[in-house]
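Have a look at the structure below, then the notes.
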Amino acid sequence: MRVYKESLTTKYLYVFVLLTLVFGFATVHSELTLNDSNQQKLSKTITVDKSGKSDFSTIQSAIDSIPENNNQWIRIQVKSGVYLEQVEIPSEKPFIVLEGESMNTTIIAWGAHDRLDRSPTFSCYADNFVARHVSFYNTYNHPLDSTVNENPRKQVAAAQIRGNRNSFYECGFYCLQDTLWDVSGLHYFKSCFIEGAVDFIFGGGQSVYRIVTY
């Protein structure tokens with residue numbers, strides 16, 4: 001996997017990466033997509049709340065409601081809570097914005113562990129996807145404290161990203177081994193927290209991981 005960081009001193013490589021992002025993410029992949037002043041870029045917002053007071057009570061049911069081959073941005077706005085489900089965005093459902101209230105309070109958690117390709121709590125196969133303020137946990141080896149979690153260590157993922165032009169802002173990825181499977185495509189991660197001990201970022205994606213300090 002080719003990973004580029006802002007700390008690289010080779011300015012030509014940095015310029016190349018920036019140009020790749022400019023052209024690759026030209027389809028509205030920026031935080032401006034989600035600002036109230038730019039709502040015209042979102043064709044629709046649907047809401048998810050565990051209490052059942054919103055459009056849907058699960059994230060997967062909200063994704064399932066989006067028509068195939070959609071070509072306009074649709075936001076799935078998720079209220080705070082721990083959503084115990086395995087979530088998948090299929091390749092025929094692009095242009096989705098998944099937005100929580102906070103990466104500390106909007107959590108998707110599952111503990112699949114039979115084999116790596118079936119283990120991810122979150123899987124994105126679609127192009128043109130944005131996530132913001134949400135965390136993904138594979139709970140099989142989490143928490144990492146062996147006195148609390150006695151499961152043997154396995155290769156299990158919190159998320160696998162297979163689509164092109166996928167971006168993540170202030171998201172969390174939590175597991176132990178093979179946490180974030182950055183499989184393929186152009187991906188952008190800004191101000192994200194990625195936890196793990198062995199190969200916690202791996203795959204063939206061409207990605208930028210940007211750490212912002214204030």
Side-chain angles (χ1 to χ4, degrees), residues 1-8 10 13-14 16-27 29-31 33 59 63 86-91 93-100 103 107-113 115-142 144 153-212:
M1 177 176 64
R2 283 174 276 180
V3 177
Y4 307 105
K5 299 180 181 179
E6 289 192 339
S7 59
L8 288 174
T10 308
L13 180 57
Y14 191 29
F16 169 77
V17 174
L18 288 176
L19 288 174
T20 300
L21 286 177
V22 167
F23 290 106
F25 289 85
T27 56
H29 275 256
S30 71
E31 290 172 289
T33 309
I59 297 169
I63 294 168
Q86 203 167 15
V87 174
E88 179 180 310
I89 299 180
S91 59
K93 297 200 175 186
F95 296 102
I96 290 177
V97 176
L98 180 65
E99 183 179 13
M103 64 181 289
I107 295 168
I108 304 173
W110 198 249
H113 58 275
R115 69 187 209 193
L116 181 59
D117 62 337
R118 295 179 181 175
S119 70
T121 299
F122 174 78
S123 299
C124 184
Y125 295 88
D127 296 341
N128 301 309
F129 169 77
V130 175
R132 189 184 188 196
H133 296 164
V134 62
S135 287
F136 311 97
Y137 282 75
N138 189 309
T139 58
Y140 177 75
N141 283 137
H142 198 280
L144 306 185
R153 191 176 74 193
K154 286 191 175 183
Q155 291 176 285
V156 297
Q160 63 169 326
I161 315 303
R162 294 179 177 269
N164 197 27
R165 297 181 301 276
N166 290 182
S167 54
F168 298 81
Y169 303 93
E170 298 180 45
C171 290
F173 303 86
Y174 298 85
C175 191
L176 176 62
Q177 182 170 353
D178 298 349
T179 303
L180 175 55
W181 192 358
D182 193 353
V183 185
S184 60
L186 295 173
H187 306 146
Y188 179 65
F189 299 83
K190 181 181 179 183
S191 301
C192 291
F193 184 86
I194 305 168
E195 179 183 86
V198 183
D199 294 338
F200 56 92
I201 303 174
F202 73 108
Q206 299 182 61
S207 304
V208 169
Y209 293 81
R210 185 181 178 196
I211 300 173
V212 179

Where Ala126 and Pro90 come nearest, the two heavy atoms and their spacing: CB-O, 3.3 Å
Heavy-atom donor-acceptor pair, Gln177 side chain to Asp199 backbone, under 3.5 Å: no
Near-ring test Phe129/Phe122, centroid separation under 6.0 angstrom: yes
Interatomic spacing from OG in Ser135 to CD1 in Ile107 - rounded to 0.5 Å: 6.0 Å
Heavy-atom closest contact (Lys93 atom, Ile63 atom, distance): NZ-O, 3.1 Å
Pair Thr121-Val156, side chain to side chain contact (heavy atoms under 4.5 Å, CB included): steps then yes or no: CA-CA 9 Å; Thr121 299; Val156 297; over 6 Å; no
Donor-acceptor under 3.5 Å (Asn138 side chain, Ser119 main chain): yes
Tyr169 and Tyr188 aromatic ring geometry - parallel, tilted or perpendicular at 30°/60° bounds: perpendicular
Interatomic spacing from CG in Asp182 to OG in Ser184 - rounded to 0.5 Å: 8.5 Å
Atom pair NZ/CG of Lys154 and Asn141 - distance to nearest 0.5 Å: 9.0 Å
Polar side-chain atom of Asp178 near backbone of Phe202 as donor-acceptor pair, under 3.5 Å: no
Residues that Arg153 engages under salt bridge (Lys or Arg N to Asp or Glu O under 4.0 Å), provided they are two or more places apart: none
Parallel, tilted or perpendicular: rings of Phe136 and Phe168 (30°, 60°): perpendicular
Whether Tyr137 and Tyr174 hold their rings parallel, tilted or perpendicular, with breakpoints at 30° and 60°: parallel
Closest heavy-atom pair and its distance - Phe200, Ala197: CD2-N, 4.0 Å
Which atom of Asn128 lies closest to which atom of Asn166, heavy atoms considered: N-ND2, 3.7 Å
Nearest non-hydrogen partners of Leu186 and Asn164, listed with the distance: N-OD1, 2.8 Å
Candidates Glu170, Met103, Arg132 - the one meeting side-chain contact (heavy atoms from CB on, under 4.5 Å) with Ser191: Glu170
Short side-chain to backbone donor-acceptor contact, His187 and Arg162, under 3.5 Å: no
Between CD1 on residue Ile59 and CG on residue Leu98, distance to nearest 0.5 Å: 6.0 Å
Donor-acceptor pair between Ser123 and Glu88 side chains, under 3.5 angstrom: no
